[in-house]
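Numbering starts at 1 and runs along the sequence shown.
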Amino acid sequence: MNVYCLVFTKDGEKLITGDVQGQIEIREKVGYRVLAQLESVPHPSLMCMAVGRNDTQLALAQLRGEIEPWDIETGTKTSEIKVGVCLIS
């Protein structure tokens, strides 16, 4: 796994990583054992990740102008929000 971006949950108990193939892994803090895997859009589309205040939601921001909210506990994408295209010069 070539990690492209990562974020810890607010409680510090889980580490969430995203790789260049679009694989999102939710890992435990101690030992980094994989608890769940999510399939998102492959890099370079994945730009960044953020965890919600209550540690139950994960937002993935895509270069193609979409935000994907995910439920961390169930590992399911809850919706898709189109916000426009991100241009990088």
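The distance from atom CH2 of W70 to atom OG1 of T78, rounded to the nearest 0.5 Å, is 9.0 Å. Here I26 contributes atom CD1 and T9 contributes atom OG1; the two are 9.5 Å apart, rounded to the nearest 0.5 Å. Distance check, rounded to the nearest 0.5 Å: NZ of K77 to CG of L58 gives 12.0 Å. Rounding to the nearest 0.5 Å places CD of E73 at 11.0 Å from CD of Q57.
With a 4.5 Å cut-off on side-chain heavy atoms, E28 and K14 do not count as touching. Between I16 and M49 there is a side-chain heavy-atom pair separated by less than 4.5 Å.
Considering all non-hydrogen atoms of both residues, C48 and C5 come closest at CA-SG, 4.5 Å. Taking all atoms of both residues into account, the shortest heavy-atom contact from I67 to P69 is O-CD, 3.4 Å. Considering every non-hydrogen atom in both G18 and I24, the closest pair reads CA-CD1, 3.7 Å.
A donor-acceptor pair is defined here as one N or O able to donate and one able to accept, closer than 3.5 Å; no such pair exists between the side chain of D71 and the backbone of G75.
In summary, R27 and E13 do not engage in a salt bridge, as defined by a charged side-chain N under 4.0 Å from a carboxylate O.
The only option from L38, V51, L35, D55 that meets the side chain to side chain contact (heavy atoms under 4.5 Å, CB included) definition with I72 turns out to be V51.
By the criterion of side-chain heavy atoms lying less than 4.5 angstrom apart, applied directly or through intervening Ile, Leu, Val, Met, Phe, Trp or Tyr residues, V3 is grouped together with F8 in one hydrophobic cluster.
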Inset, instruction - Before giving the answer on salt bridge (charged side-chain N to carboxylate O under 4.0 Å, His left out), spell out for R33 and E25 the whole-Å C-alpha distance, their side-chain angles and the decisive distance to 0.1 Å. - result: CA-CA 10 Å; R33 181 177 64 93; E25 292 184 340; over 6 Å; no

